[in-house]
Amino acid sequence: MSHLMNTYARLPVAFTHGAGAWLWDSKGKRYLDAMSGVAVNSLGHAHPQFIAALNAQLSKLIHVSNLYQISEQEQLADQLCALSSMQEVFLCNSGCEANEAAIKLARLYGHNNGIEMPTIIVMEKAFHGRTLATLSATGNRKVQAGFEPLVSGFVRVPYDDIEAIKQVAAHNPNVVAVLVEPIQGEGGIRTLDKHYLAQLRKICDQYNWLLMLDEIQTGIGRTGKWFAHQHTEILPDVMTLAKGLGSGVPIGACLAAGKATGTFKPGNHGSTFGGNPLACVAALNTLNIIEHDHLMQNALTIGNFLQQGLRARLGNIPGVVEIRGAGLMIGIELNKPCTELVKLALAQGLLINVTNDNVVRLLPALIFSKTEAQQLIDILCPLISEFLSQPA
Ligand SMILES: *Cc1c(COP(=O)(O)O)cnc(C)c1O
C-alpha cells in the first residue's frame, strides 16, 4: 500500500526521463506527450539550454527570502510587464496561489472603495484551483463537495453570456471584479465569442470593476500569443499566470495594471518561497527561449495543422460534436463520456487527457513538431473513431 494520500486516480505508468515531446517509462517504452504535464512543460522535457541555465543558477543560489531584494524577481517582473503591458507583479508558486492573490486584491480594492462585502463574478464550469477561496470560485460541484462552508463573496453566471453580466451589474452594488478564463481549460476547452472580452471590459470600466483574467492555462504562448487576451484589443486589470511560466519549476504570478495597481501594501500579502531565484531564472529562461525560438509562431502553426488534421479525419464522424481551441490548446468534444480513451491512448504510447467527461484535451509542449503532430493525429483519430462506433 502506498503511503501517499489518495488524492489522485493515477494511471499505471511511471516515467523515468524525457526529451522534447517524448517520455520513457520504467520499462523503456516511449510515449508521445500531448499533455506536457497539463500545460506546464512549455519547452518540452530536458530542453538543453533551459537545463544549462537552471544548473548555473543552482550552483549560485536557490532561495534567499523576500526579506531581501532579489534581482531575478525584478528582471522577471520587468519582462512580464513588458510582454503584457501590465504594471506590477506578485510572485508565488502555483496557479491557485496566483488566483488567491487576485481574489484578495479584489477584496482589498473593494474595501478601499467603500464596499464592505465585496463580491466577485465567476463563471459556470470555471476552474481556479483547490484552495478554499479558489475552489469556491470554481464552477464544478465535484471540486467543492465536502468542503463546505465555501468562501462567500462570489456570484456565478454562465460563461460567454454578456447579458448575464449586465443583469448582475443592474442588481448587485457589491460587485468589485469579474474573474474569467479567456478559454476554459478544465471546463472543456470552451472558447468565448470574439466580442465578449471587449464587451466585458466596457462593463467593468462603467462600474469600476476589476477585469481579472485567469491565464494560468492559456498564458505563456500556448494560444499563439503571450497571453490569450492578446488575440483581442483589451487589457485586463489583473491577470494570473502559473503552469507554463517555469517550464516545470513551480512558479505563479499575479499581475496588476490600471486601477488595480498599488492595491497591495507591505504586510497585505506574501509567500515564503514566492519568486525565489531558481524559480525566477526558470521563468526568465522559459520566456527568453519561447521568444528566441519563435515558439509562439510554432504553437500557432502546429495548432492549426493539428486542428485541420483532426477535422479532416474526425469532422464528419457521428459523435464528434466539435473540435475547438487556439494554438496548442485543443479540445475534441464527443457526444458521450470518453475517459476510457486516456487508457487506450496510453497503451498506444500517447499521452492525452479527458476533461469535463466528454472532451479530449490536447496540450502539447510549444516545441511540438509537425511530424509529432502528424503522429498524434495518426494514433488518436482511429482510437476516437473506433470508440464512437461502439454501442453506448
Ligand atoms: C491549473 C489551473 C489553476 C490552478 O493551478 P494550480 O497550480 O494547480 O494551483 C487555476 N486556473 C486555471 C485556469 C488552471 O488551468
Side-chain angles (χ1 to χ4, degrees), residues 5 7-8 10 35-42 90-106 120-140 142-144 147 151 154 156 159-160 177-192 197 211-223 225-229 236 238-255 271 273-276 279 282-283 286 325-331 353-356 359 361-366:
M5 278 200 196
T7 51
Y8 292 96
R10 295 172 196 271
M35 278 307 289
S36 45
V38 195
V40 165
N41 300 295
S42 306
F90 173 81
L91 293 166
C92 52
N93 315 287
S94 65
C96 59
E97 284 173 82
N99 284 334
E100 194 77 34
I103 292 164
K104 283 181 68 177
L105 191 153
I120 300 170
I121 299 180
V122 291
M123 305 293 152
E124 288 174 6
K125 295 217 164 134
F127 184 80
H128 298 299
R130 301 278 194 163
T131 61
L132 277 172
T134 58
L135 77 81
S136 302
T138 289
N140 180 340
K142 279 190 207 158
V143 172
Q144 297 172 338
F147 302 110
V151 172
F154 297 102
R156 198 170 303 284
Y159 192 64
D160 199 21
V178 183
L179 176 61
V180 58
E181 298 155 84
I183 299 175
Q184 285 187 333
E186 309 303 306
I189 314 293
R190 302 209 301 155
T191 54
L192 289 169
L197 284 178
L211 174 53
M212 310 206 294
L213 296 182
D214 180 343
E215 292 245 21
I216 287 163
Q217 194 161 146
T218 52
I220 319 298
R222 177 149 296 278
T223 71
K225 300 268 187 190
W226 281 113
F227 311 106
H229 73 267
V238 173
M239 172 170 69
T240 53
L241 301 172
K243 293 209 162 86
L245 179 56
S247 213
V249 176
I251 183 166
C254 175
L255 287 72
S271 164
F273 292 117
N276 81 25
T286 299
L328 290 172
M329 183 171 185
I330 297 175
N353 169 256
V354 167
T355 190
N356 199 36
V359 181
R361 177 168 54 161
L362 306 174
L363 297 165
L366 307 189

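Counting starts at 1 for both ligands and their atoms, in listed order.
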- Task: Using distance alone, decide if ligand 1 has a nitrogen or oxygen within less than 3.5 Å of any nitrogen or oxygen in G95.
- Result: yes
- Quick one: list whatever passes side-chain contact (heavy atoms from CB on, under 4.5 Å) with A279, sequence neighbours left out. V249, I251, N276
- For ligand 1, which atoms have a heavy atom of C96 less than 4.0 angstrom away? 4 (C), 5 (O), 6 (P), 9 (O)
- Among K243, E97, Q217, H128, closest by heavy atom to atom 2 (C) of ligand 1 is K243
- Distance-only, no hydrogens or angles: does the E215 side chain make a donor-acceptor pair with backbone N or O of A228 under 3.5 Å? yes
- Note on the structure: Residues at least two apart in sequence or cross-chain that pass side-chain hydrogen bond (donor to acceptor under 3.5 Å, both in side chains) with N356, listed by chain then number, are none
- Item | Part of T240 within contact of ligand 1 (heavy atoms, under 4.0 Å) | neither
- Between Q184 and E124, is there a donor-acceptor pair closer than 3.5 Å when you use the side chain of the first and the backbone of the second? yes
- Message: A242 versus ligand 1: do any nitrogen or oxygen atoms come within less than 3.5 Å of each other?
- Response: no
- For atom 8 (O) of ligand 1, decide whether some protein heavy-atom distance is shorter than 4.0 Å. no
- Query: Do any N or O atoms from the side chain of Q217 and from the backbone of A39 form a donor-acceptor pair under 3.5 angstrom?
  - Reply: no
- Message: Using a 4.0 Å cut-off to any heavy atom of E181, which atoms of ligand 1 qualify?
- Response: 13 (C)
- Ignoring angles and geometry beyond distance, decide whether I216 reaches within less than 3.5 Å of ligand 1 through its nitrogen or oxygen atoms. no
- Which residue supplies the protein heavy atom nearest to atom 11 (N) of ligand 1, what is that atom called, and how far is it? D214 OD2, 2.7 Å
- Just by modelled atom types, is the S247 backbone N or O under 3.5 Å from a matching donor or acceptor in the S42 side chain? no
- Electrostatic pair R361:E186 at N-O distance under 4.0 angstrom: yes
- Message: Using a 4.0 Å cutoff against the non-hydrogen atoms of N99, which atoms of ligand 1 qualify?
- Response: 10 (C), 11 (N)
